[in-house]
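Side chains are part of it too, since the values below use all heavy atoms of this structure and drop only hydrogens, waters and symmetry mates. Start at 1 and go down the list; that is how both ligands and their atoms are numbered.
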Amino acid sequence: MENWLEKMALDHPLVIAGPCSAETEAQVMHIAHELKDTDVNYYRAGIWKPRTRPGNFEGVGALGLKWLQKVKAETGLKTATEVANRTHVDLAMKHDIDLLWIGARSTVSPFIMQELADALAGTDKIVLVKNPVNPDLGLWLGGIERMSKAGIKNLGAIHRGFSTYAKTKYRNIPEWQIAIEFKNKFPDLPLINDPSHITGKRDMIFDVAQLALDLNFDGLMIETHHDPDNAWSDAAQQVTPQRLVQIMQDLRIRKPTDSETEFNNAMSNLRAQIDVIDNQLIDTLGKRMKVSDSIGELKKQKNVAVLQSSRWNEILGKMILQGEEAGLSEEFVLRMFKAIHQESINHQEKIIKKK
Ligand code: PEP
Ligand code: MN
């Protein structure tokens with residue numbers, strides 16, 4: 001059976017765009033008119049804004065739903081907003097909002113998810129579940145299962161990245177493998193990427209959006225504002241409507257037509273997965289060397305030799321066994337770990353020689 005997105009029969013990925021927050025009627029209408037007659041399918045605007053700390057702009061509330069209705073009447077764009085409790089759902093339904101998404105801070109809470117599932121039960125509106133703020137695939141799947149059990153037919157998911165304590169170049173690290181695993185669990189569910197909340201910076205949006213399309217995501221949610229720098233929330237990550245049009249033009253979008261295209265698509269999908277894993281390998285090796293540096297510092301303090309053969313043989317034996325289970329040959333595991341070990345020794349010697 002076709003899902004809601006297939007029924008739309010679009011010739012491009014689904015596009016949900018509009019401001020992070022509805023600020024004023026004039027702002028909402030201005031942006032909507034600039035997005036009319038573009039690839040945008042759904043006009044998004046946050047009405048109730050979940051803010052990490054109190055005192056920031058918390059949204060205009062139900063008043064903004066009237067503005068979204070006016071958007072639909074004047075531009076023909078379908079409308080979308082975030083709902084986080086039963087009252088939000090009832091109000092959004094009353095104002096005929098077409099697509100409701102559940103935010104990352106709600107997906108973490110099974111109580112909220114159940115309240116939302118009960119409030120939405122049986123609806124034919126589109127309901128998209130964002131990944132939880134923490135990298136927990138189970139919570140994300142559980143959220144979808146709650147909605148599905150409540151008889152919500154037009155379901156989908158949004159990948160918006162995960163928060164970390166560590167500072168990274170992302171606002172929310174993508175952890176692409178979690179999205180890939182999600183897709184493997186629910187292959188028929190449309191999966192939308194939200195590069196705005198992943199990057200937090202408008203100049204990184206294009207690359208993340210392109211990688212998402214190469215990984216076979218079904219659409220994009222991109223925060224769009226006519227005057228991004230003066231937006232009342234998420235100013236750094238919003239793009240202008242003109243920039244959004246340019247992004248959509250420049251993205252390589254795969255359209256399966258013949259067998260060669262299909263082959264190329266499958267290839268670029270697999271290559272994108274390899275790129276993701278290679279990045280993780282480098283990242284992990286870098287982390288290992290940092291730990292090894294700390295060991296070097298300790299050995300220096302205690303005047304212990306860098307090479308500890310018994311410990312090394314123990315590691316090697318374990319890794320060969322584990323490698324076998326993962327389908328890696330003994331020869332490969334040996335060569336790889338010798339190289340890692342050598343790099344580790346080089347690092348530690350440098351530390352010990354340092355005055
Ligand atoms: C949003 O889409 O504006 C939003 C608040 O997103 P998230 O729940 O991903 O933080
Ligand atoms: Mn936002």
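Looking from atom 5 (C) of ligand 1 to the surrounding protein, the closest heavy atom is Glu82 OE1, 3.6 Å. With hydrogens left out, the protein atom closest to atom 4 (C) of ligand 1 is His197 NE2, 3.5 Å, a heavy atom. When only non-hydrogen protein atoms are considered, atom 6 (O) of ligand 1 lies nearest to Lys130 NZ, 2.8 Å.
Atoms of ligand 1 found under 4.0 Å from any heavy atom of Trp101, numbered from 1 in the order shown, are 2 (O). Taking every heavy atom of Lys49 and a limit of under 4.0 angstrom, the matching atoms of ligand 1 come to 1 (C), 3 (O), 5 (C). The ligand atoms of ligand 1 that sit less than 4.0 angstrom from a heavy atom of Gly103 are 8 (O). Distances below 4.0 Å separate heavy atoms of Arg105 from the following atoms of ligand 1: 7 (P), 8 (O), 10 (O).
Between Asp124 and Lys153 no salt bridge is recorded (no basic side-chain N to carboxylate O distance below 4.0 Å). Using a 4.0 Å cut-off between charged nitrogen and carboxylate oxygen, Arg171 and Asp234 count as a salt-bridge pair.
With distances taken over non-hydrogen atoms, the option nearest atom 2 (O) of ligand 1 out of Arg44, Arg160, Arg171 is Arg44.
The ring of His159 has its center closer than 6.0 angstrom to the ring center of Phe217.
Between the side chains of Glu25 and Gln27, no donor-acceptor pair of N or O atoms lies under 3.5 Å.
Contact record, Leu35 with Pro241: CD2-CB, 3.8 Å, taken as the closest heavy-atom pair. Minimum interatomic distance between His12 and Asp39 (heavy atoms only, all atoms of both residues): CE1-O, 3.1 Å.
For NZ of Lys78, the number of neighbouring non-hydrogen atoms (other residues, nucleotides, ligands) closer than 6.0 Å is 12 at most. Around the CD1 atom of Ile282, the shell of radius 6.0 Å holds no more than 12 heavy atoms that belong to other residues, nucleotides or ligands.
For a threshold of 3.5 Å applied to N or O pairs, the pair formed by Glu223 and ligand 1 contains at least one separation below that value. At least one N or O atom of Ala104 sits closer than 3.5 Å to an N or O atom of ligand 1.
Summary: OE2 is the N/O/S atom of Glu223 found nearest to the Mn ion (ligand 2). The N, O or S atom of Asp234 lying closest to the Mn ion (ligand 2) is OD2.
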